[in-house]
Amino acid sequence: IGEKHDLKVISVDKEKLQVGCSVKQLSPDPFEHIENYELNKIYKVKIIKLMDFGAFAELEPGLTTLLHSSELSWTKKNLSAKKIFKVGDEINCVITEIDKEKRRVAISHRLTQENPFDIFEKKYPVGSVVEGEVVSKNEYSLFVKIQDLDIDAFLHCNDLTYLNNGEEELEKFKKDDKIKVKVLEIKTADQKVRVGLRQTKPDPFDFFKDKKINQTITVKIISADNKGLIVRPEGCEMDFLIKKSQIAINAADARPSRFTGGERIDCAILDLDINKRKVNLSIRLLEEIEKKEALEKYGSEGSGK
């Protein structure tokens, strides 16, 4: 108060007895020569104000633009500009948009650095095994930091183990655990990397690679309940369900309660899809196959043989 300044009169309203004035219009409009700036080119800007959602930066006196927090870093989401900059800092930014009509210029700080996801894809293409550290977990996944690139990769609980207990397996891991994982998917545009732990180990389902439908295999009964029998093929580490309806031809014999667990029995492969990792086993099918073979060998049931 009390200072004297030059002003430019920009409006006069005699009815309201109001005069509108401007300081900025005493100097040239920087947008008049906005054509001097090019898209996707690096310019030095000066930080003039820090906000929760980013920072206001000056390309030149009077030409101010917003550097949004989403354009600060490739890898850190919701990074606060207040943590990495201070008013007066001069930093490099890339102009990503110029809208003369809306008098808007958009800039990005992260584009001045190489995208670490591009570096990751070159260094660790899909199929690579990398070492990482567990940085966080939730109810269904882990996030694994790939050390030398500061990238957090996503590891779903289903990719922890080949068995059907991914959520149980998840409980075994804690923050700072070091693990080796296999790169399964890289989405550079979405800044996402998906990895798996089970893919670094032998797949127990490979047991069925040389098997075919109707083939006989020996299994050990692990447990029995109303749904059927849980069995484990000899030489395989995975458990499978033999449904109650597939226990025997005779309905009276198709009782899971006949088995206590621990028995070794033969059964046949009813369905097999290696790609979908799906297999159905059946004792009933084996009985039908053996019955058919016996009829072919010894004649019809009514022949008396």
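Keep in mind it's a predicted model, so treat the numbers as computed, not measured. Below, each value reflects all heavy atoms present in this structure, side chains not excepted, and no hydrogens, waters or symmetry copies. In what follows, residues are counted from 1 in the order of the sequence shown.
Within a 6.0 Å radius of NZ in K100, other residues, nucleotides and ligands contribute more than 12 heavy atoms. Residue-environment remark: NZ (K211) exceeds the threshold of 12 foreign heavy atoms within 6.0 Å. Residue N138 places its CG atom among more than 12 non-hydrogen atoms of other residues, nucleotides or ligands, all under 6.0 Å distant. Open room surrounds CD on E237; 12 or fewer heavy atoms of other groups in view lie less than 6.0 Å from it. Counting non-hydrogen atoms of neighbouring residues, nucleotides and ligands closer than 6.0 angstrom, the CG atom of D6 reaches no more than 12 such neighbours. E167 CD: 12 or fewer foreign heavy atoms inside a 6.0 Å radius.
Within the 3.5 Å criterion, the main-chain N or O of K243 finds no donor-acceptor partner in the side chain of Q246. A donor-acceptor contact shorter than 3.5 Å links the side chain of R258 to the backbone of D253. Side chain of K137 to backbone of F173: a donor-acceptor contact under 3.5 angstrom is found.
Cluster membership for V87 and L72, using ILVMFWY side-chain heavy atoms within less than 4.5 angstrom, is shared. Taken together through direct or relayed side-chain contacts under 4.5 Å among Ile, Leu, Val, Met, Phe, Trp and Tyr, I269 and I221 form part of one hydrophobic cluster. Hydrophobic cluster membership differs between L286 and V219, with clusters built from Ile, Leu, Val, Met, Phe, Trp and Tyr side chains linked at under 4.5 angstrom. With hydrophobic clusters built from ILVMFWY side chains whose heavy atoms lie under 4.5 angstrom apart, I265 shares a cluster with F207. V134 is connected to L197 through a chain of hydrophobic side-chain contacts under 4.5 Å among Ile, Leu, Val, Met, Phe, Trp and Tyr, so both are in one cluster.
Proximity of I95 to K41: side-chain heavy atoms (C-beta onward) are nowhere separated by under 4.5 Å. Side-chain contact between C267 and V231 is absent, with no heavy-atom pair separated by less than 4.5 Å. For the pair Y43 and I107, the minimum side-chain heavy-atom distance is 4.5 Å or more. Residues I217 and L281 are in side-chain contact: their nearest non-hydrogen atoms beyond the backbone lie under 4.5 Å apart. A heavy-atom distance below 4.5 Å is found between the side chains of L67 and H109. Under the 4.5 Å side-chain criterion, counting only non-hydrogen atoms from C-beta, M238 is in contact with L163. Using a 4.5 Å heavy-atom cutoff, the side chains of I119 and K122 are not in contact. Counting only heavy atoms from C-beta outward, the side chains of S73 and R110 never approach each other to under 4.5 Å.
Contacts of D99 classified as salt bridge (Lys or Arg N to Asp or Glu O under 4.0 Å), with partners at least two apart in sequence or in another chain: none. For F120, the ring pair (Phe, Tyr, Trp, His ring centres under 6.0 Å) partners are Y124, not counting sequence neighbours. Every residue meeting the ring pair (Phe, Tyr, Trp, His ring centres under 6.0 Å) condition with F240, not counting sequence neighbours, appears here in chain and number order: F208. Checked against side-chain hydrogen bond (donor to acceptor under 3.5 Å, both in side chains), Y37 has the following partners two or more places apart in sequence or in another chain: E60. Among residues two or more places apart in sequence or in another chain, the ring pair (Phe, Tyr, Trp, His ring centres under 6.0 Å) test is passed with F154 by F143. For the ring pair (Phe, Tyr, Trp, His ring centres under 6.0 Å) test, residues two or more places apart in sequence or in another chain that qualify with Y140 are H156.
Taking each heavy atom of C93 and V45 in turn, the nearest pair found is SG-CG2, 3.9 Å. Closest heavy-atom contact between E71 and S108: OE1-OG, 2.6 Å. Between F205 and V279, the closest heavy-atom pair is CE1-CG1, 4.2 Å. Closest of all the heavy-atom pairs between S128 and P125 is OG-O, 2.7 Å. Taking every heavy atom of both residues into account, T200 and K182 meet most closely at CG2-N, 3.7 Å. The two residues L50 and A55 have their closest heavy-atom pair at CD2-CB, 3.9 Å.
The pair D52-K82 meets the salt-bridge criterion, since a charged nitrogen lies less than 4.0 angstrom from a carboxylate oxygen. A salt bridge does not link D203 to K209: none of the charged nitrogens lies less than 4.0 Å from a carboxylate oxygen. The pair R198-E169 does not count as a salt bridge, with every side-chain nitrogen at least 4.0 angstrom from each carboxylate oxygen. Between R284 and E288 there is a salt bridge, with a side-chain nitrogen of the basic residue lying less than 4.0 Å from a carboxylate oxygen of the acidic one.
Here CG of N158 is found 10.0 Å from CG of L170. Values are rounded to the nearest 0.5 Å. Atom NZ of K178 and atom CD of E131 lie 7.5 Å apart (nearest 0.5 Å). Atom NZ of K46 and atom CD1 of I91 lie 13.0 Å apart (nearest 0.5 Å). In this structure, CD1 in I213 is found 7.5 Å from CG in L270, a value given to the nearest 0.5 Å. Atoms NZ and CD1, from K276 and I274 in turn, are 13.0 Å apart once rounded to the nearest 0.5 Å. E139 contributes atom CD, which lies 9.5 Å from atom SG of C157 (distance to the nearest 0.5 angstrom).
For the residue pair T188 / E121, a side-chain donor-acceptor distance below 3.5 Å is found, with atom types taken as modelled.
Of the residues V105, T96, V94, I98, the one that meets the side-chain contact (heavy atoms from CB on, under 4.5 Å) test with L39 is I98. For the pairing with D152, the side chain to side chain donor-acceptor pair (under 3.5 Å) check across K192, Q191, K145 returns one residue only, K145.
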Subject >> side-chain contact (heavy atoms from CB on, under 4.5 Å) between D159 and V195, worked out >> reply: CA-CA 8 Å; D159 287 314; V195 296; over 6 Å; no

Original post:
Would T65 and E97 count as a side-chain contact (heavy atoms from CB on, under 4.5 Å) if you check the C-alpha gap in whole Å, the side-chain angles of each, and the deciding distance to 0.1 Å?
Top reply: CA-CA 11 Å; T65 180; E97 181 191 5; over 6 Å; no

Subject >> Worked check of side-chain contact (heavy atoms from CB on, under 4.5 Å) between I179 and L155 >> reply: CA-CA 11 Å; I179 56 174; L155 200 172; 4.0 Å; yes

Original post:
Stepwise, does the side-chain contact (heavy atoms from CB on, under 4.5 Å) test hold for I283 with L229?
Top reply: CA-CA 10 Å; I283 305 170; L229 307 174; 4.0 Å; yes

